[in-house]
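Report on the following structure.
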Amino acid sequence: MIIYSPVYRTRKPSYTVLLVMSIIWSLNVKGAEITCPSECTCRTAFDPELGQILRIVCSKGGMHNIPVEFFDRNAEVIVISAPRDRPNFLTIGPIFTQPTPFVNLRELHIVNSNVPSIGQYSFWGLQHLRLINLTYNNLTSIGADNFRGLISLTELNLDHNNIEQMPSETFRHLTALKTLILSNNRISTLVPRLFRMLAKLTFLDISDNPLEDLNPEVFKDIQHLRLFKCRRCLLRRINTQIYHLVAHLEELDLGENQFKYLTSDEFISLKKLKKLRLDGNQLSVIVDNMFGRNRELRLLTLAHNRLALLAPAALTNLTSLVHLDISHNKIDRFHLQTFAPIVETLKTINFSGNNLPLNEIAIVLQILPDIHSVGLANLSLKEIPPNFFTYNDHIVGLDLSWNMFTKFPYKLLTKTKFLQHLDLSRNKIQGLDEEDLQRLEAIAHVDLSKNSWRCDQCSVGTMLVFMTTTVLNSTIRQLACYSPLRLRGTKFSDLTFNVLDPCPSTHEAQMSVIAGLMLLCIAVLSAVAAALCCTRRRAAHYYTNEEKRREHEHEHPEELLSRTEVGSVATIHAPYHTVPKSR
Ligand SMILES: *[C@@H]1O[C@H](CO)[C@@H](O)[C@H](O)[C@H]1NC(C)=O
Ligand SMILES: *[C@@H]1O[C@H](CO)[C@@H](O)[C@H](O)[C@H]1NC(C)=O
Ligand SMILES: *[C@@H]1O[C@H](CO)[C@@H](O)[C@H](O)[C@H]1NC(C)=O
Ligand SMILES: *[C@@H]1O[C@H](CO)[C@@H](O)[C@H](O)[C@H]1NC(C)=O
Ligand SMILES: *[C@@H]1O[C@H](CO)[C@@H](O)[C@H](O)[C@H]1NC(C)=O
Ligand SMILES: *[C@@H]1O[C@H](CO)[C@@H](O)[C@H](O)[C@H]1NC(C)=O
């Protein structure tokens, strides 16, 4: 046990102070090992870098001053925080530096404490301090004098305040700073030379500020930036001079802004870019060669835009791409050659929430043999043909949520041997039989919630048996009945077999239902036959031409692609698509 000797301020203690001190002493009956105010906890812990460190945590909330005179001056970490609904109301002057500074202090968190301002020279002398976290306070302006003397500070968190004003050179004393978080403030302009002396800055987050525009001048001082986030900044465009200045950028997040159009040379300077998030904008097209110079890009999200089209050469040179999210757009068809550059590397693709028919997705999936995870949510799917993933042996994750499945896609899922994540929530499935449940047992993460579970003995009887005896128990317990009305909302965990209605309908009723169904079938079949003759021959061909598929099973899709000239897509998939849809 490390013994910490108490160091008290020498000013005359007030009565409340004396009271608190007596509480402390009475708590430390074995002798003053670590002094600690009653509203805090003070513990030594092991830190891999620093060895034994003393951590003081005051997190009960409702504080009006920091009982700093009772803190051990050797503390390495101080955390003053509060529950959301019980904030502190604090001011911070030079309390950590006078009369003697906390010389060992490495981290200081003062969070959710309504701190209105920092004060001059507040941290003077805390030369080992590496992190200051002032998240969730009420700061409205900050200036250079607030940060004097913080020569070792590498991380400064000022997010969730009300900062409007930051003059030039605000951070000039923080020459070691690497991470600066200014998100969720009210900053409307970044003044020139704001970031002067921040040559080491690698991570800047200014999301959730009403910036509308970014001045390139500002980025001259932070040319080593690796990660830049400006989500929800009301941006309509970016002066590409900025990208030229921060050419080492590896991660760029410009999600939920108001970009309508990006030129083909937009990201030409960002040759090191690995992650690019452009989701939640208003882009209607990704033009040819847009990412031609971003050969290291691994993640691209274009979700929640207005894309109707990915141009045929939109993904040119993206030969490292692993994750592509094009969900929630207005895409209704693809150019197959769009995907040619990424066939070797792509592992996850999200098609959810587009206007895509299944066969458009099928032709893309068959050239992506290494795909691990597929998003097919919100596509109004009623079913998926059993051979849909014939070319995708490695599927581990599958999102089929928010569709219209009425039956569990058992046959489809017998082919996805490695599936570990399955989301079938928000469909219209009424019940699962033994076969379905046995398939589900082999899948580690299953979501079946918000289906139309029909709580009678026929539909969910077997599920109740599995609920009590198998690994599916926790998955099934959480489900709720949809029908009959008297059981709607009842959790499966509260159901017993006895409360379920017996299987519906007598023999006669069944017979009349069957007769009705047969009539319906004949009608549907003739309609389908008519439809097949006239339209969409390709789709029909794809699902039925099983023999020809088999012949080509061992052929690699890349080979199929490379055998043909780019542009002559029609011939690439001749075995499966003899009649390409006219575009
Ligand atoms: C700052 O404090 C907030 C609230 O306690 C916490 O969520 C966040 O992780 C902290 N930041 C750092 C860098 O420790
Ligand atoms: C936070 O700052 C604003 C603007 O200065 C002020 O109007 C408000 O009263 C402050 N809130 C608290 C809780 O101090
Ligand atoms: C693709 O990359 C190559 C090699 O870096 C480069 O020569 C070519 O211009 C790039 N294509 C486009 C469209 O930028
Ligand atoms: C799309 O799917 C991927 C995984 O398949 C997931 O990580 C991502 O969050 C999804 N995108 C949206 C917008 O839901
Ligand atoms: C499906 O669409 C709904 C409504 O737009 C949305 O709330 C939900 O997040 C979407 N789910 C997925 C998985 O895309
Ligand atoms: C059911 O789940 C609980 C935890 O959710 C687990 O402790 C228990 O062993 C499970 N029962 C069976 C039969 O798997």
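Just so you know, ligand 1 is whichever comes first in the structure, and atom 1 is the first atom listed for that ligand.
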Is Ser401 in polar range of ligand 5, meaning some N or O pair under 3.5 Å apart?
no
For ligand 5, which is the ligand I care about here, please tell me if His328 has any N or O atom under 3.5 Å from one of the ligand's N or O atoms.
yes
Any idea which atoms of ligand 3 are less than 4.0 Å away from a heavy-atom of [X]?
X: Asn289; value: 13 (C)
X: Gly292; value: 1 (C), 10 (C), 12 (C), 14 (O)
X: Arg293; value: 14 (O)

Counting only heavy atoms, which portion of Thr348 has something under 4.0 Å from ligand 4: side chain, backbone, both, or neither?
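Thr348 to ligand 4: no contact under 4.0 Å from either part.
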Looking at [Y] and [X], is there a salt bridge between them, counting it only when a charged N and a carboxylate O are closer than 4.0 Å?
X: Arg277; Y: Glu251; value: yes
X: Lys274; Y: Glu296; value: yes
X: Asp501; Y: Arg486; value: yes

Do Asp253 and Asp205 have side chains that approach each other closer than 4.5 Å (heavy atoms only, starting at C-beta)?
no
Protein heavy atoms near atom 7 (O) of ligand 4, is at least one of them under 4.0 angstrom away?
no
For atom 12 (C) of ligand 5, tell me which residue out of Asp399, Asn350, Asn378 has the closest non-hydrogen atom.
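The nearest heavy atom belongs to Asn378.
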Among all protein non-hydrogen atoms, which one is nearest to [atom], and what is the separation to 0.1 Å?
atom: atom 4 (C) of ligand 3; result: Arg295 NH1, 3.2 Å
atom: atom 13 (C) of ligand 4; result: Ser327 OG, 3.3 Å
atom: atom 10 (C) of ligand 3; result: Asn317 ND2, 2.4 Å
atom: atom 9 (O) of ligand 4; result: Asp325 OD2, 4.5 Å

Backbone N or O of Asn403 within a donor-acceptor pair of the Arg426 side chain at under 3.5 Å?
no
Are Phe228 and Phe203, when compared by the centres of their aromatic rings, separated by less than 6.0 Å?
no
Smallest separation among heavy atoms of Leu310 and Thr338, with atom names:
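Nearest heavy atoms, Leu310 then Thr338: O-OG1, 3.6 Å.
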Is there a heavy atom in Ser373 that sits closer than 4.0 Å to ligand 4?
yes
Would you call the rings of Phe339 and Phe334 parallel, tilted or perpendicular if under 30° counts as parallel and over 60° as perpendicular?
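Answer is perpendicular, since the angle exceeds 60°.
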Does the plane of the ring in Tyr243 sit parallel, tilted or perpendicular to the ring in Phe267? Use 30° and 60° as the thresholds.
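Ring orientation, 0 to 90° scale: tilted.
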N or O contact, Thr316 vs ligand 3, cut-off under 3.5 Å:
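Looking only at distances, the answer is no, because the N/O contact criterion of under 3.5 Å is not met.
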